[in-house]
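Not measured: the values here are computed from a predicted model.
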Amino acid sequence: MTLTAASVPEVIANLATAAKDGVRITEFALPQMNRVLEYTPEDMTVTVEAGITLAALQQRLAERGQWLPIDPPCPESLSIGALLAGNKSGPRRYGYGTIREHLLGIKVVLSDGRVIKAGGKVVKNVAGYDLCKLFVGSRGTLGVIVEAAFKVLPRPEKEEFVQASGAKLDALRPLTASELAPVVLDLHNQEQDTPTLVVGFAGSREDVDWRLGQARQIGLLEPATLEYEEKFWGEAQEPHRVSVLPSKLLDTLRDLEASFVARAGNGMIYYRGAQAPEKPRLPGELLRRIKDTYDPRHLLPDLPW
Amino acid sequence: MTAGAPQPLLDSLREIVGAVHVITKPEELLVYECDAYTLEKQLPTAVVLPGGTAEVIAVVKACATHGVPIIPRGAGTSLSGTVLAVTGGIMIALTRMNRILDIDVANRRALVEAGCVNAWVTNAVKGKGLFYAPDPSSQPACTIGGNVGTNSGGPHTLKYGVTTNHILGLELVLPDGEVVWLGTTPDGGEDVDGYDLRGVVIGSEGMFGIVTRVLLRLVRAPQAFKTMLGVFNTVDQASQTVSDIIGAGIVPGALEMMDQLITQAVEAAYKFGFPLDAGAVLIIELDGLAPGLERQAETVVGICRKNGAREVRLAGSDQERADLWKSRKRAFGAIGRLSPNFITQDGVVPRSKLPEMMDFIAECSRKFGLRIPNVFHAGDGNIHPLILYDERDPAQVKRALEASQAILEKCIELGGSVTGEHGIGVEKIDFMARQFSPDDLEAMRLLRRVFDPNGRCNPHKMFPGSKRCGDFAPRKQIAA
């Protein structure tokens with residue numbers, strides 16, 4: 001069943017009901033828990049309820065020239081809780097990293113109704129174990145995320161994208177090594193059969209202009225957008241995902257006959273129309289022990305891995 | 001009381017690592033009686049120096065068989081008693097396992113053994129336009145494994161993040177001797193399914209097992225720097241400048257403050273050319289592409305002047321920049337000129353509360369009649385008041401501890417934390433219950449039991465109710 005709640009007490013009550021009825025919770029919906037609890041632009045930190053959508057949060061931050069530097073698909077419908085639980089990311093992860101790098105604190109309702117918090121709202125904090133990390137990417141298996149605090153950044157003054165197709169893919173190597181420091185470094189085949197390389201730059205006007213000049217010299221001439229992203233993620237079928245050493249990305253893609261979007265700088269490939277990748281080896285016993293420790297009654301979703 | 005080590009255990013340890021790498025003589029164990037937090041001391045039962053992961057596994061298994069505590073240790077530069085052998089036990093020092101195993105420039109990764117010294121990594125990749133970002137002041141001595149244990153920071157973490165943001169994966173020997181690799185593997189992609197166990201091990205203060213190998217993320221070295229020294233008449237002006245720089249949407253590579261007392265001590269020790277009559281100085285370092293730095297630097301200079309800076313000096317050469325940082329990072333070493341003893345405090349407040357926090361520290365200094373110089377990571381709101389005292393005067397010792405406590409309580413009151421980078425260790429156990437609820441703490445204990453069901457790995461740390469070493473054992477402090 002889907003756990004729906006408008007407040008922390010409701011989350012607790014609904015967990016208790018599910019336990020009493022012996023029903024397993026498979027999804028969470030907290031759309032009414034959508035408040036910004038504390039936003040201090042001068043500290044560059046924000047604390048929100050987990051039901052707020054990423055788009056709504058970004059809009060609020062934009063009023064003060066800031067943003068949470070993460071850009072997963074479908075921000076209008078993606079709640080912060082789902083973003084954290086699914087460890088979602090987008091093309092700009094090459095420049096800014098994934099959500100774990102921006103998360104400062106978290107409040108979670110455990111399956112027995114206990115409310116715990118970890119971390120805090122300051123940008124440096126090593127008091128206690130870093131339980132925040134446990135819940136990022138936990139797919140809702142350990143507890144219900146109800147609040148989160150993030151550090152945010154000033155919005156870049158300028159952001160531009162350029163692309164090159166087909167033969168110019170050799171440009172990839174100097175791009176990862178040079179001072180170009182792109183924030184986006186994607187490859188995709190959404191517009192034509194040969195892959196397109198998309199490169200994004202962000203920063204001050206001077207920085208971006210300098211980088212665009214350098215990029216032109218290696219053949220990146222054509223202005224680009226991130227429209228391929230929307231197209232790719234707009235399809236109903238969930239894509240497969242494989243993570244390889246960035247230096248092995250081109251070889252991996254060469255053998256892959258599929259519709260794909262790849263974060264070339266990170267070695268991430270999302271694809272449809274080919275076999276699922278092999279399952280990686282995981283420290284399964286530790287994962288199971290953690291699950292059983294925090295959710296002994298198995299009220300919450302089972303381990304998906 | 002010290003847990004004795006049964007003779008058969010000592011015999012096994014000698015067999016595993018060689019007799020020369022097992023230390024049991026009290027005079028040789030003295031080195032290992034504490035870290036840079038010197039208020040509590042205790043000799044470990046023995047110290048073992050393994051030469052590789054296989055030896056660590058064998059040592060850990062032998063200790064498990066005998067039910068003896070194990071305490072991982074790097075260089076011992078930690079500042080909160082994290083590696084104290086509270087009730088004795090076998091200390092596993094990783095200092096022999098100090099090799100850089102692989103540097104992968106194309107993928108910007110380095111694989112190192114846990115005992116590898118932090119600064120060695122950056123030195124090894126200097127010519128390749130890369131660096132390892134976390135740069136604690138102790139970086140010429142501290143180890144990567146120790147950095148993992150305490151999730152170390154440093155001046156440049158303002159822009160680049162702390163240790164957890166730069167560790168891709170690690171090898172961990174669990175307290176029962178099982179070895180697991182957590183996070184990204186050296187030849188694998190960066191995304192790994194499952195819980196982020198690498199993430200929870202970082203900052204776990206050595207309580208989940210022995211970290212033996214670490215896969216580091218390397219960062220592209222900036223093209224250019226603009227390193228400035230802002231000179232202010234008052235701490236207040238400097239604090240306001242910090243708030244205004246961050247508020248203006250500028251994220252410097254580093255933003256550090258030194259007040260007058262510390263500036264004078266540092267100047268006497270290292271002769272950099274700091275003004276002796278300034279109330280506070282700010283080290284502001286912008287880094288990035290040369291084209292964009294010029295305008296950013298102008299903005300910063302403008303903010304300094306608006307807040308009453310009487311001078312903003314620009315480092316004119318790489319040498320001058322290096323000298324400036326050397327002075328800053330050796331600041332703790334200069335304290336010996338001011339006082340026989342000091343407590344290096346570590347706390348965090350929201351950056352906008354910095355002016356209020358600095359006022360409070362000044363008030364504590366007056367109230368407790370102790371000098372409290374400040375040298376700290378202002379841009380992060382990470383304060384390091386140094387509480388000076390003389391251990392020969394018990395009343396002063398008492399007041400120093402009281403001042404410490406008042407400052408940390410204020411950090412919590414202002415919405416901050418009692419530690420930004422030094423850790424809880426034994427020093428700040430009593431503050432855990434103030435910063436966290438009983439349920440928060442129980443959630444942490446649950447996690448520990450997953451990794452260490454018997455609580456045998458680095459015991460008596462972090463949690464309220466832990467055993468303490470007997471009496472305080474004050475002694476002249478070695479500068480951190």
Side-chain angles (χ1 to χ4, degrees), chain A residues 40-45 65-66 97 100-101 110 114-118 120-134 136-138 142 153-154 176-177 179 181 203-207 209-211 241-247 266-268 280 282-283 286-287 289-290 293-294 305, chain B residues 106-107 150-151 153 157 161-162 164-165 180 182 187-197 199-200 202-204 220 223 243 246-247 249 251 288-289 291-292 295-296 348-352 380-382 415-421 423-424 432 435-436 439-440 443-444 446-447 449-450 462:
Chain A
T40 328
E42 54 279 25
D43 290 333
M44 294 201 297
T45 57
Q66 296 180 339
R100 82 188 279 285
E101 322 297 351
L110 298 181
R114 274 187 293 184
V115 182
I116 62 146
K117 63 178 174 42
K121 60 174 189 178
V122 284
V123 297
K124 259 169 110 175
N125 188 355
V126 296
Y129 301 144
D130 191 355
L131 285 184
C132 290
K133 300 294 187 287
L134 194 58
V136 175
S138 66
L142 299 178
L153 282 178
T176 52
E179 284 163 335
S204 68
R205 282 193 316 274
E206 294 91 334
D207 282 5
D209 290 345
W210 184 87
R211 290 184 165 120
R241 177 180 64 108
V242 65
S243 176
V244 300
L245 199 60
S247 61
N266 301 94
M268 295 296 305
L282 298 173
L286 268 181
L287 300 183
R289 267 184 356 224
I290 289 178
T293 297
Y294 286 93
W305 311 291
Chain B
N107 295 299
T150 51
N151 192 11
T157 56
V162 295
T164 190
N165 308 113
V180 286
L182 305 177
D187 58 355
E190 64 182 39
D191 270 25
V192 177
D193 280 344
Y195 303 127
D196 182 4
L197 299 185
V200 298
I202 299 165
S204 64
R220 201 182 287 103
Q223 188 187 53
S243 281
I246 301 289
V251 183
L289 287 175
R295 182 162 54 99
Q296 231 181 40
V348 190
V349 295
R351 328 187 218 222
S352 57
D380 285 320
N382 187 185
S417 173
V418 295
T419 173
E421 51 186 18
I424 297 296
M432 285 294 280
Q435 197 165 324
F436 295 103
D439 284 345
D440 300 343
M444 291 183 202
L446 286 175
L447 184 60
R449 282 202 280 277
V450 168
M462 185 89 71

- Region of A:V242 in contact with chain B, defined by heavy-atom distances below 4.5 Å: neither
- Residue A:P246 versus chain B: region with a heavy atom under 4.5 Å: both
- Would you find a donor on one side and an acceptor on the other, under 3.5 Å apart, between the side chain of B:Q435 and the backbone of A:A127? no
- Item | Pairwise distance CD(A:Q66) to CG(A:L153) - rounded to 0.5 angstrom | 8.5 Å
- Is there side-chain contact between B:N107 and A:L245, with heavy atoms separated by less than 4.5 Å? yes
- side-chain contact (heavy atoms from CB on, under 4.5 Å) against A:E206, all qualifying residues, sequence neighbours excluded: A:E157, A:S204, B:P291, B:R295
- Of the listed residues (A:M268, A:R114, A:E42), which shares the most heavy-atom pairs with chain B below a 4.5 Å separation? A:R114
- Contact class of B:T150 relative to chain A, heavy atoms under 4.5 angstrom: backbone
- Message: If the condition is salt bridge (Lys or Arg N to Asp or Glu O under 4.0 Å), which residues does B:D440 pass it with, not counting sequence neighbours?
- Response: A:K117
- Non-hydrogen atoms of chain A under 4.5 Å away: do they reach the side chain of B:V200, the backbone, both or neither? both
- Message: Under 4.5 Å from any heavy atom of chain A, what part of B:V192 do you find: side chain, backbone, both or neither?
- Response: side chain
- Largest heavy-atom contact set with chain B, pairs under 4.5 Å, which of A:V122, A:D43, A:D207: A:D43
- Answer yes or no: is there an ion pair linking B:D191 with A:R241, defined by an N-O contact shorter than 4.0 Å? yes
- Message: I need the residue from B:G199, B:G416, B:G161, B:G203 with the largest number of non-hydrogen atom pairs under 4.5 Å to chain A.
- Response: B:G199
- Query: Quick one: OH on A:Y294 to CD1 on A:I116, what's the gap to the nearest 0.5 Å?
  - Reply: 6.5 Å
- Given B:G381, B:G288, B:G249, B:G247, the one with more heavy-atom pairs under 4.5 angstrom with chain A than any other is B:G249
- Note on the structure: Whatever's closer than 4.5 Å to a heavy atom in chain B on A:L282 counts as side chain
- Can you tell me how far the CE atom of B:M444 sits from the CD1 atom of B:I424, to the nearest 0.5 Å? 8.5 Å
- Message: Any heavy-atom pair between the side chains of B:V450 and A:L286 that's under 4.5 Å?
- Response: yes
- Task: For chain A, find which of B:V162, B:D187, B:T157 contributes the most heavy-atom pairs closer than 4.5 angstrom.
- Result: B:D187
- Message: Testing the 3.5 Å rule here: is there a donor-acceptor pair between the side chains of A:S243 and B:E190?
- Response: no
- Task: Name the region of A:S138, side chain, backbone, both or neither, that has any atom closer than 4.5 Å to a heavy atom of chain B.
- Result: both
- When you check the side-chain N and O atoms of B:T164 and B:N151, is any donor under 3.5 Å from an acceptor? no
- Comparing A:D130, A:V244, A:N266 against chain B, the one with the most heavy-atom pairs below 4.5 Å turns out to be A:N266
- Message: Taking every non-hydrogen pair under 4.5 Å, which of A:K121, A:E101, A:K133 racks up the most with chain B?
- Response: A:K133
- Query: Is chain A contacted by the side chain of B:N165, its backbone, both, or neither, given a heavy-atom distance below 4.5 Å?
  - Reply: both
- Note on the structure: When the 4.5 angstrom heavy-atom criterion is applied to A:R205 and chain B, the contacting part is both
- Message: Is B:M432 close to chain A through its backbone or its side chain, or both, or neither, when contacts mean heavy atoms under 4.5 Å?
- Response: side chain
- Query: Hey, what do you get for OG1 (B:T419) to CG (A:N125), rounding to the nearest 0.5 Å?
  - Reply: 7.5 Å
- Message: If you count heavy-atom pairs within less than 4.5 Å of chain B, which of A:A181, A:P280, A:G203 leads?
- Response: A:A181
- Query: For the candidates A:R211, A:R289, A:K124, which exhibits the highest count of non-hydrogen atom pairs separated by less than 4.5 Å from chain B?
  - Reply: A:K124
